There are 2 protein chains.
Amino acid sequence: MSQASKKSRPTMHDVAAKAGVSQMTVSRVLRGEGYFSQDVKTRVADAAKALGYIQNRLASVQRGMENPMIGVVLPTLKNTVFIDVLAGINDTLAEVGMRPVFGVSEYSEAEEETLVRDMLSWQPCGLILSGIEHTDGLRRTVAQSGVRVAEIMDVEGDAISASFGISQQAAGAEMARHFIAQGHRRVAYIGSQGGSDLRALKRYTAFKSELEAEGGCITYERIANRASSMPLGRELTAACLSDVTDCDAIYFSNDDLAAGGLMHCLSNKVSVPHGVALAGFNDLPFLSALPQRITTTHTPRYEIGALAARYVAGADDVPAKRHMLLAELVVGDTT
Amino acid sequence: MSQASKKSRPTMHDVAAKAGVSQMTVSRVLRGEGYFSQDVKTRVADAAKALGYIQNRLASVQRGMENPMIGVVLPTLKNTVFIDVLAGINDTLAEVGMRPVFGVSEYSEAEEETLVRDMLSWQPCGLILSGIEHTDGLRRTVAQSGVRVAEIMDVEGDAISASFGISQQAAGAEMARHFIAQGHRRVAYIGSQGGSDLRALKRYTAFKSELEAEGGCITYERIANRASSMPLGRELTAACLSDVTDCDAIYFSNDDLAAGGLMHCLSNKVSVPHGVALAGFNDLPFLSALPQRITTTHTPRYEIGALAARYVAGADDVPAKRHMLLAELVVGDTT
DNA sequence: CGATAACATGTTTACGTAAACATCTGGTCT
DNA sequence: AGACCAGATGTTTACGTAAACATGTTATCG
């Protein structure tokens, strides 16, 4: 072990001693506060660099400064959507020198509450939560903590303070109208996550009621318990098409599943969309590389993350309110 | 604003007052240390719950406790590989009550150094860095800080203390031997990230020299500056196949690109692997949903993250050494 | 039966930083 | 010339927690 292993890291006092000034002077010089001679500034900077001084933020925050740290709770890392959201969050926070600490709830509200409590112990200045349904305990905890809270993805429901997302209901209903307009009446629905993905459920509910209102019907419904993936979509589509023979179209809860469905159709010479139309959700980038464009709804995932991050970071041009971003229908190839 | 917005969160003193004991008793009871009457335990627990007390870890860490926080620096979030690594890290840390704070370096060593310095200001008990090439400043900084450091993905080079990954060179060379065995001699290479992905470069270098040693040759080489993606792979493959007509096989720096290449071939009636063989890297799950299996190298990404996390979390059964995990060749469909 | 150990609690202090509150110059203004 | 203020620096203190060091009170043991 080197000599540094046991010795604690250099503090402002060490820097001060080396520079021949007081600790307070070091604190001020490093923060660029107050008036100092060029000589002192240089001595402090040199001493800090020579010792490899790194600020101890725990002490600063303890003393009352804001902690540039944001707790982020995502339901899963297995879905690209949340990765995009995370990228938006991270990029935006990085711009203002903040960092995310994060946790994965696996779509469990109880786990989310535990995670939030854990994160609050580091006194972060904000939290970003997924979805808008939370336990009462969590609501009480964050209310008391006084940190800024952003809820993302979903805006339909009772938000804590600011929510950033799209209207899941509008997206589902729009897809139903598109199906009807394309002449699809007999529709199958394929989902994943065993119904714990509340946003997919909201889309589906709105989709179904709009479809039925317009004269269509759901002829098949399958929500698998596994996590969403292309292979799962392929498998479920195979099962669906062998179970029901007269289905015009399949609405998948997301693009992974839909792309898997397309792969099944390609391999089994089922024409898309004439044999069966497929629609997903999210408009993931890899769709554009598939042999054929399928219908989907574009979701502004990165923007949702970025905007939520701006809010919790304290940007004053992002008010605490319901921010409903635009989710646009993307129509697939019809050849 | 509610009355809680200005008032600071309850402390151990508040809990102690409510329970009618001293702050120290609260500290001990909550940590389950020392002996206490059932009565006191109950009173403290009730008071803590009633006030919604949450521990202030900043104070604990400041006082000398270990901070259950790990700084994680990844080169990008645009590559699924790092998401899998992150999942392994997160799951493993969560098991022992630790959380990752993280940053993205965009493949820049300078940015990585900045990020590490920033993270160290929170006194984390460990760091997970990507790759094994780092600036001297970073090496000095982490050495002085005394935190545990794990380097992931890459094991070829001079590690700080513990490295977890696969042999990029062996993977590249193995693929070259596979190409030769399959009769492919004239090979194209398609990469991305403009050469800043040092691991891809190591694979390619080993691949090329092994290929040439066995009588093959590189007839085309294109490393695009953009981030890796299926659409990019499709585009580059189209360009490649229109530029060189006599190429037997294409080695892509990863599966996204290779899958994009496959999509190009499918859409343009180029038979795979007879017209041109395609090989990627990583064995991403979505490959199994494609119409055809392409050759790739399976990388234990999740395991790398999990093992590195175990190490930095302080597991004593993970020694500080070079951990070389197995990367297995996965042969694609030959039909 | 005095000593020792296990129980059950409290007091003081330190961690590293920054706000609040001093000083002490040397000009500037009236 | 006295007042006043910007420049340039230092001292004290508090943030919330837990280790170190008390101080009792009961059992327990030889």
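A note on names: the letters A, B, ... follow the listed sequences, proteins ahead of strands, and every chain is numbered from 1. Bear in mind the structure is a predicted one, so any value in this text is a computation, not a measurement.
- Mapped onto DNA chain C by nearest heavy atom, B:R63 and A:H13 fall at different nucleotides, with B:R63 at the one closer to the 5' end.
- No side-chain N or O of A:S108 forms a donor-acceptor pair with one of A:S105 less than 3.5 Å apart.
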### Task
Determine, step by step, whether B:K18 and B:D46 satisfy the salt bridge (charged side-chain N to carboxylate O under 4.0 Å, His left out) criterion, reporting the C-alpha distance in whole Å, the side-chain angles of both residues, the deciding distance to 0.1 Å, and the verdict.
CA-CA 9 Å; B:K18 179 142 190 161; B:D46 290 352; over 6 Å; no
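- The CD atom of A:Q62 sits 7.0 Å away from atom CD of A:Q123, with the distance rounded to the nearest 0.5 Å.
- Note that the first and last nucleotides of DNA chain C, 5' to 3', having any atom under 4.0 angstrom from a heavy atom of chain B are C:dC7 to C:dG16.
- Computed from C1' positions of five pairs at each end, the angle between the two local axes of the helix from C:dC1-D:dG30 to C:dT30-D:dA1 equals 40°, rounded to 10 degrees.
- The backbone N or O of A:S145 lies less than 3.5 Å from a partner atom in the side chain of B:R9, making a donor-acceptor pair.
- Remark: the backbone N or O of A:G157 is paired with a side-chain donor or acceptor of A:R322 at under 3.5 angstrom.
- The backbone N or O of A:I54 lies less than 3.5 Å from no partner atom in the side chain of B:S121, so there is not a single donor-acceptor pair.
- Between the side chain of B:Q144 and the backbone N or O of A:L51, at least one donor-acceptor pair lies under 3.5 Å.
- A salt bridge links A:D39 and A:R43; the closest N-O separation between the charged side-chain nitrogens and carboxylate oxygens is under 4.0 Å.
- B:E151 places a side-chain N or O within 3.5 Å of a backbone atom of B:I160 that can act as its donor or acceptor partner.
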Pairwise N/O distances under 3.5 Å, protein to nucleotides 8-10 of chain D:
{"from": "D:dT9", "atom 1": "OP2", "to": "A:S37", "atom 2": "N", "distance (Å)": "3.0"}
{"from": "D:dT9", "atom 1": "OP2", "to": "A:S37", "atom 2": "OG", "distance (Å)": "3.4"}
{"from": "D:dG10", "atom 1": "OP2", "to": "A:S22", "atom 2": "N", "distance (Å)": "3.0"}
{"from": "D:dG10", "atom 1": "OP2", "to": "A:S22", "atom 2": "OG", "distance (Å)": "2.9"}
{"from": "D:dG10", "atom 1": "OP2", "to": "A:T25", "atom 2": "OG1", "distance (Å)": "2.5"}
{"from": "D:dG10", "atom 1": "N7", "to": "A:R28", "atom 2": "NH1", "distance (Å)": "3.3"}
{"from": "D:dG10", "atom 1": "O6", "to": "A:R28", "atom 2": "NH1", "distance (Å)": "3.4"}
{"from": "D:dG10", "atom 1": "O6", "to": "A:R28", "atom 2": "NH2", "distance (Å)": "2.4"}

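- A donor-acceptor contact shorter than 3.5 Å is absent between the side chain of A:S27 and the backbone of A:Q23.
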